Structure formats: C-alpha cells, structure tokens
Amino acid sequence: MIVLVDLVLMLIDLTYSILAAMIQTFLRPRLKCVDGELCLITGAGGALGRLFALEFAKEGARLVLWDCNTSANEQTAELARELGVEVHAYTVDLSKRQSIYEAADRVREEVGDVSMLVNNAGVVAGRRLLDCPDEMLERTLLVNCHALFWMTKAFLPQMKAKNHGHMVTIASALGLFSTACVEDYCASKFGAVGFHESLTHELLAENLEGIKTTLVCPYIVDTGMFAGCEIRQELKSLIPPLQPLYTVQQSMKAILAEQQMICIPRMMYIPFLARALLPWEANVATYRFMGGDKCMLPFIKNVEMKTSNGHIKSS
Ligand SMILES: NC(=O)C1=CN([C@@H]2O[C@H](COP(=O)(O)OP(=O)(O)OC[C@H]3O[C@@H](n4cnc5c(N)ncnc54)[C@H](OP(=O)(O)O)[C@@H]3O)[C@@H](O)[C@H]2O)C=CC1
Ligand SMILES: CC1=C(/C=C/C(C)=C/C=C/C(C)=C/C=O)C(C)(C)CCC1
C-alpha cells in the first residue's frame with residue numbers, strides 16, 4: 001500500500017519537475033546574490049577561468065584564484081582587483097594531490113571557508129593515443145578528473161558544516177558524447193560528469209539542499225585550447241565555435257539560477273540524446289555526415305606543428 005502512495009507521490013513530483021522545467025525555459029529565472037561569497041576558481045590564468053573571475057568579481061564575490069601559471073594568474077588577479085574586490089592568487093599544480101591539499105590548508109588559514117568552487121582548469125594531450133607519452137595522458141586524467149576528488153575533499157566539509165555552498169564543474173560536451181582521437185580528454189570529462197552527478201545525488205540523499213551544484217558542458221570554445229578542431233565546412237556556420245565571453249555569461253546565468261546542468265549551446269543536447277537513444281551505427285552515420293568523426297584531426301596536426309616548432313610546453 002505504502003509503495004502505491006509513494007508511486008503516486010513520485011509521479012506528482014515527476015510531472016511537477018517537467019512542467020516547472022518547461023515553464024522556466026520561457027521565464028527569466030531568479031538569480032541568486034553572491035556578493036561577499038568566497039569563490040575559488042581553478043585555471044584562473046586561462047581564458048575561461050579569467051572571464052569567470054571577472055564575472056564573479058562584478059557580482060561582488062571575494063576571489064581565490066588558482067593556477068599553475070603564476071604570471072597569468074597574477075594578471076587575472078590584477079584585473080579583478082581593479083573591479084574593487086578582494087582577490088587572493090595561489091600557484092597550485094592540480095595534477096598533484098599534495099599541492100592541492102597544501103594550498104587548500106593555506107586558503108582556509110589565510111582567507112577563510114570557500115563557499116563557491118568553480119573547477120575550471122583543464123588540459124588535453126592533443127596527440128594520437130599511440131603517439132602520446134604516457135605522462136601526458138595521465139596528466140589529463142589527473143587535472144580534469146582526479147583533481148575534482150581532492151578539491152571536493154578539501155572544500156566540501158566546510159560547506160556541509162554550514163549546509164551552504166555551490167560546486168561548479170566545467171566539464172565539456174565531450175563529457176556527454178565522444179569523438180575520435182581525444183581518448184584522454186573524453187575519459188577525463190566523462191569521469192568529471194559522473195563524479196559531479198554522483199556527488200549531487202549524495203548531497204540530495206543527505207538532505208543538504210543548501211549546497212547547490214552546476215555542471216557546465218560547452219561545445220568548442222574559441223580559446224585556443226582546441227585550435228583547429230572543426231566539423232564539416234558547410235555545417236560550421238550552423239554550429240560555430242563559441243565565444244569565450246558568451247560561454248562564461250551563459251554559464252554564470254546557470255550558476256546564479258542554481259541550474260543543475262547546462263549544455264552550451266542547447267543544441268548539444270541532441271548528440272547527447274542521440275548517443276543514448278539511437279543505435280551505434282546511426283550515430284556513426286550522423287558523425288560521418290557532420291564531420292564529427294574527424295573533427296580533431298586538424299587540431300592534432302596543429303599541436304604536432306607547434307610541437308615540432310618548439311612552441312608547445314612539454315608538460
Ligand atoms: N576551449 C574549449 O574548446 C573548451 C574548454 N572546456 C573546458 O573549459 C575549461 C577551461 O578551458 P580554457 O579556458 O579553454 O583553457 P585554458 O588552457 O585557456 O585554461 C586552462 C588553465 O588551467 C591551467 N592549468 C593547466 N594545468 C594545470 C595544473 N596542473 N594546475 C593548475 N592549473 C592548470 C592552465 O595553465 P597553463 O596555461 O600554464 O597550462 C590555464 O591557465 C577546461 O576545463 C576545458 O576542458 C570545455 C569545453 C570546450
Ligand atoms: C562529434 C559530433 C559533433 C562534433 C562535436 C565537436 C566538434 C565537439 C567538440 C567539443 C570540444 C572541443 C569540447 C571541449 O571541451 C557534432 C557535429 C556536434 C554532432 C555529431 C557528433
């Protein structure tokens with residue numbers, strides 16, 4: 001009997017959630033205030049990380065910026081300070097668990113409890129699997145995926161104690177569906193998506209409704225990280241690479257609306273759903289037609305050229 005009552009309640013909940021989501025697509029969502037919150041952004045010296053820092057600064061958040069690139073991180077810190085907020089920059093190597101834990105201890109001692117965590121730092125090897133040194137493949141997994149575990153272990157306890165906080169994971173469309181020749185990246189981003197979802201379920205199961213989570217899954221963003229990656233010429237104008245500022249603004253809207261997940265652009269839900277719903281061969285056919293199967297080849301060529309010209313860092 002109880003199971004029937006539970007079933008009816010679940011169906012009401014389910015219908016309500018679908019209707020609410022449909023209505024919210026047409027309404028302006030209420031955005032939360034992050035003024036005074038302590039927001040830690042990883043990869044803050046990079047393209048998206050810097051823009052996130054500046055957007056959070058505009059919202060009045062206090063910033064803790066992490067990057068392995070000290071000078072780029074300091075530049076971001078300077079730009080954010082010009083907007084009148086408190087900023088603390090730390091040099092951290094996210095591929096090293098100890099570096100993360102040590103920096104986290106310093107942040108807690110020197111600044112305080114982090115209430116918003118934006119896990120943004122990311123890397124890609126950009127080489128064919130069989131040509132790629134093991135260490136580069138490992139690094140992608142360490143930075144894009146393992147670091148999420150250590151960051152969460154370092155900063156979630158204080159959020160739990162207050163039942164207040166927000167965990168943001170900058171994953172990728174390539175965490176929802178895959179393509180050829182980026183095995184390291186896809187594995188790390190699928191891992192990031194799985195990690196993020198499981199953590200979200202855990203917080204809900206523990207009734208920690210005060211800790212929000214947002215998963216961000218963008219398509220190619222014009223930051224240089226995937227320079228050269230492209231789909232079929234004739235379709236490029238239909239799904240152009242995203243502008244970094246647009247990507248960060250859309251992400252900010254989702255974060256401030258406490259939205260659980262966002263694909264940028266929305267069109268990226270289509271290959272995600274197709275992967276789950278269509279037969280494998282049907283997906284292969286659409287990949288071939290759209291140039292999704294070979295989209296990474298020019299990117300890898302680019303990396304190879306830069307490497308042979310000595311432009312690219314070895315690690
Ligand atoms: N660009 C794109 O097309 C897309 C990007 N994304 C994701 O968005 C996020 C940001 O990407 P984007 O801004 O383009 O990339 P960038 O390369 O511009 O920025 C990444 C930043 O992370 C830093 N970083 C790299 N490794 C480490 C490390 N071990 N420890 C600390 N910091 C590190 C980089 O430093 P350094 O420069 O010294 O390496 C850099 O400052 C990434 O997670 C990426 O996977 C998602 C979808 C598409
Ligand atoms: C595979 C594939 C596509 C191309 C996707 C690409 C090119 C994604 C690149 C994402 C990146 C670079 C993410 C970085 O994090 C289409 C044409 C959309 C649809 C068919 C399947």
Side-chain angles (χ1 to χ4, degrees), residues 41-53 65-73 75-76 90-97 99-100 103 118-124 126 138-140 142-148 151 168-182 184-186 188-189 192 215-232 235-236 238-244 247-248 251 263-265 267-275 278 282-299 312-315:
I41 301 166
T42 67
L48 299 186
R50 177 165 296 171
L51 291 169
F52 272 117
L65 307 179
W66 281 17
D67 204 293
C68 60
N69 185 331
T70 309
S71 68
N73 201 29
Q75 277 174 33
T76 304
Y90 292 83
T91 302
V92 185
D93 183 352
L94 291 161
S95 68
K96 298 201 167 74
R97 189 176 56 204
S99 171
I100 294 178
V118 183
N119 283 307
N120 161 79
V123 291
V124 59
E138 248 165 16
R139 187 180 63 127
T140 309
L142 290 173
V143 176
N144 300 5
C145 186
H146 292 201
L148 304 180
M151 293 298 288
V168 180
T169 308
I170 310 302
S172 167
L174 294 182
L176 304 174
F177 60 89
S178 65
T179 185
C181 303
V182 270
D184 61 323
Y185 192 75
C186 285
S188 71
K189 292 295 184 178
L215 176 68
V216 180
C217 294
Y219 175 63
I220 315 169
V221 190
D222 209 351
T223 64
M225 185 179 186
F226 281 90
C229 169
E230 57 183 19
I231 59 168
R232 187 180 182 149
L235 300 180
K236 256 170 64 183
L238 205 68
I239 327 176
L242 299 162
Q243 285 309 305
T247 308
V248 169
S251 308
C263 278
I264 315 173
M267 204 188 274
M268 284 303 118
Y269 286 108
I270 299 173
F272 173 41
L273 289 175
R275 175 180 181 271
L278 299 183
N283 279 310
V284 171
T286 54
Y287 271 48
R288 286 192 177 142
F289 171 70
M290 300 185 80
D293 56 344
K294 299 206 170 93
C295 61
M296 289 295 165
L297 296 183
F299 158 62
I312 258 199
K313 294 163 282 179
S314 59
S315 68

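Not measured: the values here are computed from a predicted model. Start at 1 and go down the list; that is how both ligands and their atoms are numbered. Just so it is clear, the values below take in all heavy atoms, side chains as well, and ignore hydrogens, waters and symmetry mates.
Contacts between Val143 and ligand 1 below 4.0 angstrom, taking non-hydrogen atoms only, involve the side chain exclusively. When non-hydrogen atoms are compared, ligand 1 lies under 4.0 Å from the side chain of Val123 (C-beta onward) but not from its backbone. No part of Ala173 comes within 4.0 Å of ligand 2, judged by heavy-atom distances. Residue contacts with ligand 1, taken as heavy atom pairs separated by less than 4.0 Å, do not involve Thr42 at all. Contact annotation for Tyr219 and ligand 1: only backbone heavy atoms (N, CA, C, O) come within less than 4.0 Å of the ligand. With a 4.0 Å cut-off on non-hydrogen atoms, Thr223 touches ligand 1 through its side chain and not its backbone.
Thr140 and Ser188 form no side-chain donor-acceptor contact under 3.5 Å, judged by distance and modelled atom types alone.
Counting only non-hydrogen atoms, the option in Pro218, Gly122, Ser172, Ala171 that gets closest to atom 7 (C) of ligand 1 is Ala171. When the heavy-atom distances from atom 11 (O) of ligand 1 to Arg139, Met225, Met268 are ranked, the shortest goes to Met225.
At least one side-chain heavy atom of Pro244 sits less than 4.5 Å from a side-chain heavy atom of Asp222.
Close approach of ligand 2 to Tyr185 is summarised as follows: ligand atoms under 4.0 Å from at least one heavy atom of the residue are 14 (C), 15 (O). Here is the list of ligand 2 atoms found below 4.0 Å of a heavy atom in Leu174: 10 (C), 11 (C), 13 (C). For ligand 2, the atoms sitting less than 4.0 Å from at least one non-hydrogen atom of Ile231 are 4 (C), 7 (C), 17 (C), numbered in the order shown with element in parentheses. Numbered from 1 in the order shown, with element, the atoms of ligand 2 that lie under 4.0 Å from a heavy atom of Cys295 read 7 (C). Residue Ser172 has at least one heavy-atom neighbour below 4.0 Å for each of these atoms of ligand 2: 13 (C), 14 (C), 15 (O).
Met290 SD, 3.9 Å is the protein heavy atom nearest to atom 19 (C) of ligand 2. Of all protein heavy atoms, the one closest to atom 6 (C) of ligand 2 is Tyr219 CE1, 3.4 Å. In terms of protein heavy atoms, atom 3 (C) of ligand 2 is closest to Gly292 CA, 4.0 Å. The protein atom (non-hydrogen) at minimum distance from atom 18 (C) of ligand 2 is Met268 CE, 3.8 Å. Looking only at heavy atoms of the protein, atom 21 (C) of ligand 2 is closest to Tyr287 CE1, 3.3 Å.
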### Task
Please lay out, stage by stage, how Met296 and Val124 fare under the test side chain to side chain contact (heavy atoms under 4.5 Å, CB included).
CA-CA 12 Å; Met296 289 295 165; Val124 59; over 6 Å; no
### Task
Take Arg97 and His146 through the test side chain to side chain contact (heavy atoms under 4.5 Å, CB included) and record every step on the way to the result.
CA-CA 8 Å; Arg97 189 176 56 204; His146 292 201; over 6 Å; no
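Taking only nitrogen or oxygen atoms, main chain and side chain alike, Gly43 does not reach within less than 3.5 Å of ligand 1. The shortest N or O to N or O distance between Gly46 and ligand 1 is below 3.5 Å. Looking at Val221 next to ligand 1, an N or O pair under 3.5 Å apart turns up. Note: an N/O pair closer than 3.5 Å links Ala47 and ligand 1 by distance alone. For ligand 1, the polar-atom distance check finds no N/O of Asn144 at less than 3.5 Å from any of the ligand's N/O atoms. Not one N or O of Phe226 is nearer than 3.5 Å to an N or O of ligand 1, by distance alone.
Between Tyr185 and Phe226, the ring-plane angle classifies as perpendicular under the 30° and 60° cut-offs.
Nearest heavy atoms, Asp67 versus Gly46: OD2-N, 3.7 Å. Contact between Val143 and Ser95 at its shortest, heavy atoms only, is CG2-CB, 3.8 Å. What you find for Ser178 and Tyr287 is that their closest heavy atoms are O-OH, 2.6 Å. The two residues Leu176 and Arg275 make their nearest non-hydrogen contact at O-CD, 3.3 Å. Minimum interatomic distance between Lys189 and Asn144 (heavy atoms only, all atoms of both residues): CE-ND2, 3.9 Å.
With Tyr219 as the fixed residue, the side chain to side chain contact (heavy atoms under 4.5 Å, CB included) test singles out one of Ile264, Ile239, Thr247: Ile239.
Using 4.0 Å as the threshold, Arg50 has no heavy atom nearer than that to any atom of ligand 1. Assignment of Tyr185 to the shell around ligand 1 is supported, since a heavy atom sits closer than 4.0 Å.
Distance alone, capped at 3.5 Å, is enough to place a donor-acceptor pair between the Arg232 side chain and the Phe289 backbone. With hydrogens and angles disregarded, a donor-acceptor distance shorter than 3.5 Å links the side chain of Thr76 to the backbone of Ala44.
Distance check for atom 9 (C) of ligand 2: a protein heavy atom is found below 4.0 Å.
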